[in-house]
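I have placed the structure first, in the form of structure tokens, so that the comments after it can refer back to it.
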Amino acid sequence: MDVSSVLDGLNDVQREAVASPTGNILVLAGAGSGKTRVLVHRIAWYIQASQVSPYGILAVTFTNKAEAEMRSRIEVLLNRPAGGMWVGTFHGIAHRLLRSHWQEAGLPENFQILDTDDQLRIIKRVFRAMELNEGQYSPREIQWFINSQKEEGLRPQHIDTHGDPEQQLLVKVYQSYQELCDRQGLVDFTELLLRAHELFRDQDKVLGIYRQRFRHILVDEFQDTNALQYAWLRLLTGDSGAIFAVGDDDQSIYSWRGAQMENMQHFQRDFSGSSLIRLEQNYRSTANILNAANTLIANNSTRLGKELWTDDDTGEQIDLYAAFNEHDEARFISDRIATEKIRGDNYCHHAILYRVGAQSRVLEEQLMQSGIPYRVFGGMRFYERAEIKDALAYMRLAVFYDDDASFERIVNTPTRGIGQRTIEELRLRAKQENISLWQAAVGILNDRSLSERALNALQRFLELIMNTGRDISALELGEAMDVVIKNSGLVEHYRKEKGEKGLSRIENLEELVTAASEFDPDKEEYQEVVPLAAFLVHAALESGENQAETFSDYVSLMTLHAAKGLEFNHVYLAGMEEGLFPHQRSISDVVQLEEERRLCYVGITRARVKLTCTYTQHRRMHGTEYYPQPSRFLGELPKEVLNEVRLGSNISNHSALEALENATNNDGGFNLGQRVIHSKFGEGVILNLEGKGSNARVQVNFEETGNKWLVLAYANLQIQA
DNA sequence: TATCCGACCTTTTTT
DNA sequence: AGGTCGGATA
């Protein structure tokens, strides 16, 4: 077979990675170095040069988007569908395993997937039912606790509370939550991974099957793996398999959700005979941009080490603009985009990136005013929207009366006179008799054990659901969805909602009907018998990001996190300010600060030809005034690549470059994030530093009295130990 | 039972 | 500033 085409167009290092003998290989792939390319070519190499059957290949990604891209690129390269090969997200593959081996995994055959929102609802319910009022944890914190324990592979009985009552409380809620999920066959996202891991760990036979089958495992974005995913891969690979992992420790920005970039280091220790290959040639950015990125990231201490280089030109300098305030910042960026558009560079080549979602509003307002089309990425996803979840809950309940989660969700949406009292009654009865809420409702209707009014309302609800179930029993998915929505009364309900919001909800419901009719349940990863069940899994596992791809020309707005993996000719990094980026909450911790720096590295390396950084001298946020210092990350960029832009219209004589100088030599021994004590205001945290010498001022967030600006020379602040 | 008002909080996001 | 949540009120 002709294998040369698989290696065509690759550079030497890429070729080395693609054509390495089968074994454990870690590819340290810098931004824009062709990582997906290498991954895809490696698969083609296996199949075409090494005669590996696609059946023996497993390729794992994190997102549905990455999965789709990998699959389509493989098909283009091989010029045929990748039949028999498994390509999927960690969660998708875990789900597939659990569907096949539900018995060995200790699950009911028809287990349901809980999304984050469903999970939180259940935790709230469990938490309240336990009547543990003393706890100072919010349901959200408990959710976080449960998920992080699961990510560490820990069940309630494994957790050592050290006798700490707070910990014991958390473990107790975890336990009750898990018992409820087990009873009702509910599996949250992390549980998918945990069960899949336990399946491999405890069921030798099952593990044997997959070890035998998947001798060639490929993993994308390896730096984002958490402990569970790593352990699962380790089990699957064993000594017989070979793993080809691609990642970039410098782009690890998800530690806060369990990702462990140390897994990159552990790889070399845990996977025998592993080799490390560095992809450092960048095909995306100008030398100036790479220079900036390299210099910045060199400030981090925990790195495997890597330096990007390019054959490309030096390119333009990096522009730096010190805006007067956030409106000025938005105006500056939007003017720049308008100018570039006139020069012929379309809107779609521009992206405005920011640290927090709240920054988008001002930018949007300005773009709108300037008549520049834009699209904000991120935020609420299609299948996460309340109206969509409501409609799906109607659908689910109409088919599975005993689905308590759906029952609770829609029993009084739209409001139909079934209030807290009645629902409490149902829960009580369901619990006492160990039956579903639906059955409890039937029981109560028989006993007439509630007010006539409540009974009537309940009766009508049950009839509504039963009628809907009957109406749709013979229909196709799309038609069924349509009928469900019509019967539910959701459209009228949302029509009443004032303004734009209700309207878009109704549009979304229409879109859901379309999605249902276009849904193809025959894709091989859906092994369900019923198309409806397959559709519900689809709704739970795929957030629905890739719907409605418009082909118009627009500017992209998104957070730095959301920008990972993308590239644009022009990138604007807005809000390069201490306290915002690096974020306040990361400023006092070296480890977190290094992650912020990696985030900045990600941002810089998104730019192909031009990078523009902006910050403001004055920003209104959360209803308070801030006078931030320019981000330390700006100060870490090489001076020779920076070009300060000063506009005539900007009355202030503030110089960004001078401000950077000043920011780096803050005297007085005070730092951002430091805890201080004031004789009158008490304890607080430093939010902002400004000025030098006798003019030096600090903004302190006092626990008692809130934010205050103080002149250092008079404040007599003590640094708290 | 439904609705309204005020207290509270506020990073990043995928599955 | 803007959204969410829970308690008080109609």
Side-chain angles (χ1 to χ4, degrees), chain A residues 60-67 88-95 113-120 124 128 138-141 144 147 150-151 187-194 196 221 224-226 228-229 252-259 326 353-362 365 377-381 383-384 386 412-424 451 453-454 457 496 501 537-545 558-565 575 579-587 592 595-596 598-600 602-603 619-625 701 706:
Chain A
V60 199
T61 65
F62 274 85
T63 66
N64 292 305
K65 197 174 151 201
E67 171 197 334
T89 63
F90 275 102
H91 290 84
I93 284 163
H95 172 252
I113 300 171
L114 290 180
D115 72 15
T116 316
D117 193 62
D118 303 328
Q119 185 188 33
L120 187 63
K124 276 183 188 163
R128 280 198 199 117
S138 66
R140 216 166 263 289
E141 287 169 306
W144 185 83
N147 289 334
K150 287 189 177 189
E151 270 159 15
V187 177
D188 62 56
F189 285 137
T190 318
E191 186 76 13
L192 284 171
L193 302 177
L194 181 50
E221 305 277 17
D224 286 339
T225 50
N226 64 29
L228 214 40
Q229 290 158 333
S252 165
I253 55 174
Y254 286 116
S255 75
W256 48 274
R257 62 177 199 215
E326 68 271 28
L353 310 183
Y354 37 80
R355 179 62 178 81
V356 303
Q359 286 173 258
S360 78
R361 215 194 76 241
V362 176
E365 282 166 5
F377 290 79
M380 192 61 90
R381 305 218 151 43
Y383 287 110
E384 284 170 1
N412 203 32
T413 314
T415 51
R416 50 171 68 86
I418 304 177
Q420 281 307 308
R421 263 307 318 282
T422 312
I423 296 170
E424 211 38 68
S451 77
R453 222 173 111 142
K496 274 183 250 158
K501 216 164 180 177
V537 167
H538 167 81
L541 243 35
E542 314 236 341
S543 45
E545 181 77 333
M558 67 188 87
T559 62
L560 285 149
H561 282 89
K564 193 172 82 155
L580 188 57
F581 191 30
H583 195 271
Q584 195 57 54
R585 300 172 80 131
S586 305
I587 246 162
Q592 289 188 64
E595 179 146 318
E596 296 277 320
R598 290 193 291 272
L599 191 56
C600 188
V602 167
R619 184 182 294 275
R620 254 191 104 89
M621 257 183 117
H622 315 314
T624 11
E625 311 279 333
N701 182 13

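In the text below, chain A, chain B and the rest are named by the order of the sequence lines, each starting its count at 1.
Inter-residue side-chain proximity for A/F90 and A/T225 is flagged as met; some heavy-atom pair is nearer than 4.5 Å. You'll find the side chain of A/H561 reaches within 4.5 Å of the side chain of A/L599, heavy atoms only. Inter-residue side-chain proximity for A/L580 and A/M621 is flagged as met; some heavy-atom pair is nearer than 4.5 Å. In this structure, A/T559 and A/R355 have side chains that are not in contact, with every pair of non-hydrogen atoms separated by 4.5 Å or more. For the pair A/L560/A/V602, no side-chain contact is recorded, criterion being any heavy-atom separation below 4.5 Å from C-beta on.
Using a 4.0 Å heavy-atom distance criterion, A/N412 is classed as a sugar-phosphate-only contact. At a threshold of 4.0 angstrom between heavy atoms, the contacts of A/F90 with the nucleic acid are absent.
Residue A/Y354 contributes atom OH, which lies 10 Å from atom P of B/dT12 at whole-angstrom precision. The distance between atom CD1 of A/I113 and atom C1' of B/dT14, rounded to the nearest whole Å, is 14 Å. In this entry the distance linking NE2 of A/H622 with P of B/dT10 reads 9 Å, nearest Å. Summarising the geometry, the separation between CD1 on A/I93 and C1' on B/dT14 is reported as 15 Å, rounded to the nearest angstrom. Remark: P of B/dT14 and CG of A/L192 are 17 Å apart, rounded to the nearest angstrom. One can place CD of A/E221 at 15 Å from C1' of B/dT15, the figure rounded to the nearest angstrom. Distance CG (A/D224) to C1' (B/dT14): 10 Å, rounded to an integer number of Å. In this structure, A/Q359 places its CD atom 12 Å from C1' of B/dT12, rounding to the nearest Å.
For B/dT12, neither phosphate oxygen OP1 nor OP2 lies less than 4.0 angstrom from any side-chain nitrogen or oxygen of A/R257. Between A/T559 and the phosphate of B/dT13, there is a side-chain N or O to OP1/OP2 separation shorter than 4.0 Å. OP1 or OP2 of B/dT14 has not a single side-chain nitrogen or oxygen of A/N64 nearer than 4.0 Å.
Closest to the side chain of A/Q592, from the set B/dT14, B/dT11, B/dT1, is B/dT11. Of the listed nucleotides (C/dG2, B/dT10, B/dT13), C/dG2 has the atom at the smallest distance from the side chain of A/R361. Looking at the side chain of A/T422, the nearest of the listed nucleotides C/dA1, B/dT15, B/dT1 is B/dT1. Checking B/dT1, B/dT15, B/dT13 against the side-chain heavy atoms of A/Y254 singles out B/dT13 as nearest. Closest approach to the A/R585 side chain among B/dT15, B/dT10, B/dT12 is made by B/dT10 (side chain taken as heavy atoms from C-beta onward). Listed nucleotides: B/dT13, B/dA2, C/dA1. Nearest to the side chain of A/R620: C/dA1. When each of B/dT14, B/dT15, B/dA2 is scored by its nearest atom to the side-chain atoms of A/T415, the top-ranked nucleotide is B/dA2. Of the candidates B/dT15, B/dT1, B/dT13, the closest approach to any side-chain atom of A/W256 belongs to B/dT13.
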Identify the pairs formed between an N or O of the protein and an N or O of nucleotides 5-10 of chain C at a distance under 3.5 Å, and give each distance.
unit_1, atom_1, unit_2, atom_2, d
C/dG6, OP1, A/R128, NH2, 2.9

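For the side chain to side chain donor-acceptor pair (under 3.5 Å) criterion with A/N147, the lone passing option out of A/E191, A/R257, A/Q119 is A/Q119.
Contact between A/R416 and A/A457 at its shortest, heavy atoms only, is O-CB, 3.4 Å. For A/L228 against A/K150, the heavy-atom pair with the smallest separation is CD2-O, 3.1 Å.
Where A/H561 and A/T116 each meet DNA chain B at their nearest nucleotide, the meeting point lying more 5' is that of A/H561. With DNA chain B read from its 5' end, the first of the two nearest nucleotides for A/A562 and A/I423 is the one closest to A/I423.
Between the side-chain ring of A/H91 and the base of B/dT15, no stacking contact exists by the 5.5 Å and 30° definition.
In this structure, the side chain of A/E141 engages the main chain of A/S138 through a donor-acceptor pair within 3.5 Å.
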